[in-house]
Novice: 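This is the structure I have questions about; it appears just below.
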Amino acid sequence: MLWAKSFHLIFVICWFAGLFYLPRLYVNHAQAEDAVTASRLLQMERKLLRFMTVLGVLALGFGVLTWSFYGFYAGRGWYWMHAKLALVAALVIYHGWCWKLYRDFARGERRHGHVWYRWFNEFPVLILFAVVILAIVKPF
């Protein structure tokens with residue numbers, strides 16, 4: 001069980017590194033004024049998205065494996081887990097949104113300005129704070 005938990009944490013940390021960096025690439029892409037820079041950023045975004053998708057799947061897989069060792073108990077005292085799972089679901093949706101934004105850039109569409117992407121970049125930070133507090137403190 002400790003191996004599964006260790007790998008879960010490792011892959012979560014790596015996945016979050018990608019979730020923190022990708023929107024920064026989007027900020028730069030939104031500001032790119034020439035085709036060469038935009039093309040280079042698009043290539044970086046694609047490679048990072050593919051890699052962090054694998055990391056996210058591994059994080060989720062090892063998370064479910066770790067959870068299975070404890071038993072999929074959902075009774076009293078595990079409400080923190082319900083909240084954590086809801087936040088993980090939100091993070092998966094955010095990851096999917098990152099794919100959509102990438103496809104928009106790939107089509108040459110710039111739907112948002114760089115300021116919007118800067119705010120978009122803050123969402124995984126808030127999720128990280130909440131998930132860590134829920135997993136460590138278990139407030140409910």
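In this chain, residues are counted from 1 in sequence order. Bear in mind the structure is a predicted one, so any value in this text is a computation, not a measurement.
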Novice: At what distance, to the nearest 0.5 angstrom, does CZ of Arg40 lie from CG of Asp34?
Specialist: 8.0 Å
Novice: Between Tyr26 (side chain) and Cys98 (backbone), is there a donor-acceptor pair under 3.5 Å?
Specialist: yes
Novice: Assess whether atom CZ of Phe129 is packed by more than 12 heavy atoms of other residues, nucleotides or ligands within 6.0 Å.
Specialist: no
Novice: With a 4.5 Å cut-off on side-chain heavy atoms, are Asn121 and Val27 touching?
Specialist: no
Novice: State, to 0.1 Å, how close Ala32 and Arg110 come at their nearest heavy-atom pair, and which atoms those are.
Specialist: O-NH1, 2.8 Å
Novice: So which heavy atom on Ala83 is nearest to which on Leu134, and how close?
Specialist: CB-CD1, 3.7 Å
Novice: So Lys84 and Leu87, side chain to side chain contact (heavy atoms under 4.5 Å, CB included) or not? Walk me through it.
Specialist: CA-CA 5 Å; Lys84 179 183 170 192; Leu87 291 171; 5.7 Å; no
Novice: NE2 of His95 to CG of Leu22: how many Å apart, nearest 0.5 Å?
Specialist: 8.5 Å
Novice: Are Leu2 and Ile136 connected in the hydrophobic side-chain network, where two residues link if heavy atoms are under 4.5 Å apart?
Specialist: yes
Novice: Please find the pair of heavy atoms, one from Pro139 and one from Ile133, that lie closest to each other, and give the distance.
Specialist: CD-O, 4.1 Å
Novice: Would you say Phe16 and Val125 make side-chain contact, with heavy atoms under 4.5 Å?
Specialist: no
Novice: For residues His112 and Tyr117, report the shortest heavy-atom separation together with the two atoms involved.
Specialist: O-CE1, 3.4 Å
Novice: Starting from the C-alpha separation in whole Å, work towards a yes-or-no answer on ring pair (Phe, Tyr, Trp, His ring centres under 6.0 Å) for Phe51 and Tyr21.
Specialist: CA-CA 12 Å; Phe51 185 59; Tyr21 185 55; over 10 Å; no
Novice: Determine the interplanar angle of the Trp116 and Phe120 rings, folded into 0 to 90°, and report it as parallel if under 30°, tilted if 30 to 60°, perpendicular if over 60°.
Specialist: parallel
Novice: Can you tell me how far the CG atom of Asn28 sits from the NE2 atom of His114, to the nearest 0.5 Å?
Specialist: 10.5 Å
Novice: Short question: side chain of Ser68, backbone of Leu65 - any donor-acceptor pair under 3.5 Å?
Specialist: yes
Novice: Report, as yes or no, whether the 6.0 Å neighbourhood of atom CZ on Arg118 holds more than 12 heavy atoms from other residues, nucleotides or ligands.
Specialist: yes
Novice: Please test Ile127 against Tyr94 for side chain to side chain contact (heavy atoms under 4.5 Å, CB included), starting from the C-alpha separation and ending with a verdict.
Specialist: CA-CA 10 Å; Ile127 296 252; Tyr94 179 87; over 6 Å; no
Novice: Using 0.5 Å steps for rounding, measure from the CG atom of Leu19 to the CG atom of Leu91.
Specialist: 5.5 Å
Novice: Within the supplied structure, the quantity of interest is the number of heavy atoms (other residues, nucleotides, ligands) at a distance under 6.0 Å from Lys47 NZ; does it exceed 12?
Specialist: no
Novice: Looking at His29 and Ala38, what are the two nearest heavy atoms and their distance?
Specialist: CE1-O, 3.5 Å
Novice: Tell me whether Trp119 shares a hydrophobic cluster with Leu128, the cluster being built from Ile, Leu, Val, Met, Phe, Trp, Tyr side chains joined at under 4.5 Å.
Specialist: no
Novice: Does the ring center of Trp78 lie less than 6.0 Å from the ring center of Trp80?
Specialist: yes
Novice: With hydrophobic residues grouped by side-chain heavy-atom distances under 4.5 Å, do Met81 and Met1 end up in a single group?
Specialist: yes
Novice: Say whether Val57 and Ile10 are linked into one hydrophobic cluster, either directly or through other cluster members, by side-chain heavy-atom distances under 4.5 angstrom.
Specialist: no
Novice: Which atoms form the tightest heavy-atom contact between Ala4 and Phe69, and what is the distance?
Specialist: CB-CE1, 3.8 Å
Novice: Check salt bridge (charged side-chain N to carboxylate O under 4.0 Å, His left out) between Glu109 and all other residues, then give those that pass, not counting sequence neighbours.
Specialist: Arg107, Arg111
Novice: Say you draw a straight line from NE2 of His8 to CH2 of Trp67; how long is it, rounded to the nearest 0.5 Å?
Specialist: 11.5 Å
Novice: State the CG-CD1 distance between Leu55 and Ile13, to the nearest 0.5 angstrom.
Specialist: 11.5 Å
Novice: Between Leu9 and Val92, is there shared hydrophobic-cluster membership here, with clusters defined by ILVMFWY side-chain heavy atoms closer than 4.5 Å?
Specialist: no
Novice: Which residues pass the side-chain contact (heavy atoms from CB on, under 4.5 Å) test with Leu58, not counting sequence neighbours?
Specialist: Phe11, Val54, Phe62
